[in-house]
Amino acid sequence: QTVSDIINHRYARFQNLKGLGKVGIETWEERFRFSEVFVLDTPSSFRLETLGAFDQPSIFLTSDDTLLSLYSKKHNTVYRGIPSQENLFKLSGINLSVEDMIFVLSGNPPLLRTINAEWGIFLPEQQLYYLERLSLQENRVQRIWFDTTLSVITYLREHSLPGGDMFLEIQFDDYREDQEEYPIPRRILINRPLDRTLVNIEYEYFTVNQDVDPTLFTFQPPLDAKIHILDDVHEDELGKLVPYDEFRVND
């Protein structure tokens, strides 16, 4: 079985994840720290609850395949829009598609829909296998470092074509196995150098491929909440990560 086959098999085996962890977001000018409840369900449903005082949910970020929604208790404000990569980036600082975010938070690489060429080489001194995948349709190259001892991905980069600029870097560390023997990295570092945004996730607890209530992915805010439609508001007007201002870290 090739490394490429192992990665594809891992994609196919993942269904969902429920967990609790710490999140840090660093932009070129601000830093945020908070605790987060994670519920992820393939292909594109999730619920993230940001915990405030006394570990009570303060921010609810959900996607149910058709609608991306964030509710801030502090502001009594709702942000809604299509579940696009642009909208997810506005609300979370994670510049990935919803589907790719779910894969990355479960220790998988972003999915290349079309692979035109791939090659790899074993690096015996590090016990790693280097795999490179090329997608002409998506104009990107994916470079993966695969731990052959644990059969997991430890590091990956994605570069644009034709220029070759690196636009995504991900590190996976400290893999743990749940009761279903699906290894999940306890620490995930997502770097988007062109955005100057770094997202650090450290799970404290998780379960994988257990039953998930589908109603979790739709959140009904209070009737008196103020509503912003993301697709009608420019990012500069919205102010990226404004709902998280209570979690800003002051130097």
Side-chain angles (χ1 to χ4, degrees), residues 19-38 40 46-53 57-63 68-75 77-107 109-110 140 155-160 163-173 185-204 226 228-251:
L20 173 68
K22 302 287 187 183
V23 176
I25 300 174
E26 296 184 19
T27 71
W28 67 279
E29 59 181 354
E30 297 177 307
R31 293 187 298 141
F32 304 85
R33 296 285 185 275
F34 46 86
S35 295
E36 192 86 15
V37 175
F38 298 83
L40 313 172
F46 70 83
R47 182 186 183 100
L48 304 179
E49 295 183 2
T50 303
L51 304 182
S58 175
I59 297 173
F60 301 83
L61 178 60
T62 62
S63 173
L68 182 69
S69 177
L70 182 146
Y71 173 68
S72 168
K73 273 188 179 179
K74 179 179 179 179
H75 302 90
T77 300
V78 181
Y79 301 84
R80 286 178 172 165
I82 61 172
S84 65
Q85 180 167 335
E86 180 183 3
N87 284 342
L88 182 62
F89 183 42
K90 289 178 184 178
L91 294 180
S92 71
I94 298 179
N95 195 355
L96 296 168
S97 70
V98 172
E99 295 88 346
D100 283 343
M101 181 194 74
I102 291 171
F103 276 130
V104 168
L105 296 189
S106 58
R140 67 195 222 231
Y155 181 66
L156 73 86
R157 291 179 177 176
E158 291 198 343
H159 297 253
S160 62
D165 293 331
M166 185 182 74
F167 62 85
L168 177 64
E169 178 184 36
I170 302 174
Q171 298 179 44
F172 299 119
D173 191 29
R186 197 170 69 88
R187 290 191 292 269
I188 303 170
L189 187 65
I190 305 169
N191 179 28
R192 297 282 305 207
L194 300 181
D195 306 322
R196 290 188 285 180
T197 301
L198 191 68
V199 179
N200 182 55
I201 296 163
E202 185 167 340
Y203 289 122
E204 298 177 359
K226 182 179 179 181
H228 290 288
I229 304 302
L230 292 169
D231 308 291
D232 295 336
V233 180
H234 190 271
E235 184 175 317
D236 293 339
E237 300 174 60
L238 173 67
K240 186 160 67 73
L241 298 178
V242 163
Y244 294 87
D245 59 2
E246 63 186 295
F247 303 103
R248 184 178 287 107
V249 177
N250 297 315
D251 293 326

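Note that the structure is a prediction, hence the values are computed from the model and not measured. Along the sequence shown, the residues carry numbers beginning at 1.
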Using 0.5 Å steps for rounding, measure from the [atom1] atom of [X] to the [atom2] atom of [Y].
{"X": "Leu198", "Y": "Asp195", "atom1": "CG", "atom2": "CG", "result": "11.5 Å"}
{"X": "Gln171", "Y": "Arg157", "atom1": "CD", "atom2": "CZ", "result": "9.5 Å"}
{"X": "Ile59", "Y": "Phe247", "atom1": "CD1", "atom2": "CZ", "result": "5.0 Å"}
{"X": "Leu88", "Y": "Ser97", "atom1": "CG", "atom2": "OG", "result": "8.5 Å"}
{"X": "Arg80", "Y": "Tyr71", "atom1": "CZ", "atom2": "OH", "result": "11.5 Å"}
{"X": "Lys90", "Y": "His228", "atom1": "NZ", "atom2": "NE2", "result": "12.0 Å"}

Query - Qualifying residues under salt bridge (charged side-chain N to carboxylate O under 4.0 Å, His left out), relative to Glu158, sequence neighbours excluded - result: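 With neighbours one apart ignored, the set is Arg140.
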Query raised in the report: For Ser58 and Phe34, what are the C-alpha separation, side-chain angles and deciding distance, and is it a side-chain contact (heavy atoms from CB on, under 4.5 Å)?
Result: CA-CA 10 Å; Ser58 175; Phe34 46 86; over 6 Å; no
For the residue pair [X] and [Y], what are the closest heavy atoms and their distance?
{"X": "Glu49", "Y": "Pro57", "result": "OE1-CG, 3.4 Å"}
{"X": "Arg33", "Y": "Ile25", "result": "NH1-N, 3.7 Å"}
{"X": "Thr50", "Y": "Glu36", "result": "OG1-OE1, 2.8 Å"}
{"X": "Pro193", "Y": "Phe167", "result": "CD-O, 3.7 Å"}
{"X": "Pro110", "Y": "Ile170", "result": "CD-CD1, 4.3 Å"}
{"X": "Thr197", "Y": "Gly93", "result": "CG2-O, 3.4 Å"}

Side chain to side chain contact (heavy atoms under 4.5 Å, CB included), paired with [X], selected from [options]:
{"X": "Ser63", "options": "Ile82, Ile102, Leu68", "result": "Leu68"}
{"X": "Pro243", "options": "Leu70, Thr77, Val78", "result": "Leu70"}
{"X": "Tyr79", "options": "Ile229, Leu230, Leu61", "result": "Leu230"}

Query raised in the report: For Lys226, does the NZ atom sit with more than 12 other heavy atoms under 6.0 Å from it, leaving out its own atoms?
Result: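 No, because the 6.0 Å sphere around NZ of Lys226 holds 12 heavy atoms or fewer from other groups.
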Minimum side-chain heavy-atom gap [X]-[Y] below 4.5 Å:
{"X": "Leu96", "Y": "Leu168", "answer": "yes"}
{"X": "Ile190", "Y": "Met101", "answer": "no"}
{"X": "Phe32", "Y": "Val23", "answer": "no"}

**Report entry** Aromatic plane relationship, Tyr203 with Phe38 - under 30° parallel, 30 to 60° tilted, over 60° perpendicular
**Finding:**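 Rings of Phe38 and Tyr203: perpendicular, as their planes differ by over 60°.
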Requested in this report: State which residues pass side chain to side chain donor-acceptor pair (under 3.5 Å) with Glu169; sequence neighbours excluded, sorted by chain then number.
Outcome: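 Per chain and number, Glu169 pairs via side chain to side chain donor-acceptor pair (under 3.5 Å) with Tyr155, Asn191.
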Does [X] reach the main-chain N or O of [Y] with its side chain, forming a donor-acceptor pair under 3.5 Å?
{"X": "Ser106", "Y": "Phe103", "value": "yes"}
{"X": "Arg192", "Y": "Asn95", "value": "yes"}
{"X": "Glu26", "Y": "Arg31", "value": "no"}
{"X": "Asp165", "Y": "Ser160", "value": "no"}

Requested in this report: Show your working on side-chain contact (heavy atoms from CB on, under 4.5 Å) between Val104 and Ile94 and close with a plain yes or no.
Outcome: CA-CA 11 Å; Val104 168; Ile94 298 179; over 6 Å; no
**Report entry** Residues forming a ring pair (Phe, Tyr, Trp, His ring centres under 6.0 Å) with Phe60, sequence neighbours excluded
**Finding:**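 Listed in chain order: Phe219.
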